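We count residues from 1, following the sequence as given. The structure displayed is predicted, hence computed values, not measured ones.
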Amino acid sequence: QEWKNTFATWDPQDFCNITKVILPTETFWSPPVFIVQRVNGQNPSLEYVNVLHNGIFNFTQAFQVTVTCSLRIFKFPFDTQTCNLSIASFLHPAVTDLIMKTRQTPAEMMTASHSYFLNDGEWKFTNLSIAEYLEAVNDEKFSVVTYMISMERRPTLYVLNLILPTCALYLLDMAVLFGPSSLEEKISFQIAIILGSSMFAVILNDILPTSSNKPPVIGNH
């Protein structure tokens, strides 16, 4: 965060050429902001702000949060998800008190985010876009900045562990069904196929969220 306080300025020549001081955040006013989709998280223990001689305040706050996101898993495991991260301040109206703006462009933030995002995880960070708007709450308008984060799932693990074994089971089922085996052997093998399919269905149910409106295509077998 960066903001300017015209009451916290000084001439460096009058104070041994000091152009910056580090003070606790409770020393001066700081804009209170909230993450709208936040449900859990860890607050940082570092509560200090950089104050420049021209009244510019720089406040860096690094923390990890858990946010809500509506998932569309119809194309699982070849799905792409877009999650919003909205930062707002519902204590100061935008018309009179506080307007939030992004300092970096989406392309600059995209480049910086790649250095923090895990490159070997399940998700691939594909795009980042920013929307700045005013939201009306109780006849007042508040400034909101929303980061729209697009992620693409890496499907290799699911293809090897889920899709290929399932396809192999059905191919084997068709081979036995039209093969020269006896009826008793076909029935016993069909039971084994059903048990194997049920096992893969349980694995799929443990992986995917249960609140999705549309079940995945792979689950409609």
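Val67 pairs with exactly one of Asn84, Ile149, Leu85 by the side chain to side chain contact (heavy atoms under 4.5 Å, CB included) rule, that one being Leu85.
Ion pairing between a basic and an acidic side chain is recognised when a charged N comes within 4.0 Å of a carboxylate O; Lys101 and Glu132 show such pairing.
Residues Leu23 and Tyr48 form no side-chain contact, since every pair of their non-hydrogen atoms from C-beta on lies 4.5 Å or further apart. The closest side-chain heavy-atom distance from Arg72 to Thr82 is below 4.5 Å. Between Val159 and Thr156, the closest side-chain pair of non-hydrogen atoms is not below 4.5 Å. Side-chain atoms of Phe57 and Ser30, non-hydrogen and from C-beta on, never get closer than 4.5 Å to each other.
Listed by first then second residue, pairs satisfying disulfide bond (SG atoms under 2.5 Å apart) with a partner in residues 56-100 read Cys69-Cys83, not counting sequence neighbours.
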Working for side chain to side chain contact (heavy atoms under 4.5 Å, CB included), residues Val137 and Phe90: CA-CA 8 Å; Val137 178; Phe90 294 113; 4.2 Å; yes
Trace of the side chain to side chain contact (heavy atoms under 4.5 Å, CB included) decision for Met110 with Phe125: CA-CA 9 Å; Met110 183 75 178; Phe125 190 22; 4.1 Å; yes
Full working for side chain to side chain contact (heavy atoms under 4.5 Å, CB included) between Val145 and Ile130: CA-CA 7 Å; Val145 177; Ile130 304 174; 3.9 Å; yes
Side chain to side chain contact (heavy atoms under 4.5 Å, CB included) evaluation trace for Phe59 with Glu2: CA-CA 6 Å; Phe59 181 38; Glu2 182 178 293; over 6 Å; no
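Follow the hydrophobic side-chain contacts under 4.5 Å out from Ile18 and you never reach Leu52; the two are in separate clusters. Both Phe28 and Val49 are assigned to one and the same hydrophobic cluster, defined by single-linkage of ILVMFWY side chains at heavy-atom distances under 4.5 Å. Put simply, Tyr147 and Leu134 are part of two different groups of oily side chains (I, L, V, M, F, W, Y) that touch within less than 4.5 Å, one to the next. Following chains of ILVMFWY side-chain contacts shorter than 4.5 Å, one cannot reach Val144 starting from Val65, and the two form parts of different hydrophobic clusters. Side-chain heavy atoms closer than 4.5 Å link hydrophobic residues (I, L, V, M, F, W, Y) into clusters, and following such links, even through other members, never connects Tyr133 to Leu91.
The environment of Gln13 atom CD is sparse: at most 12 non-hydrogen atoms of other residues, nucleotides or ligands sit within 6.0 angstrom.
Remark: the Gln81 side chain and the Ser150 side chain contain no N/O donor-acceptor pair separated by less than 3.5 Å.
Applying the side-chain contact (heavy atoms from CB on, under 4.5 Å) rule to His53 yields the partners Trp10, Pro12, Thr19; only residues at least two apart in sequence or on another chain are considered.
A distance below 6.0 Å separates the ring centres of Tyr158 and Phe76.
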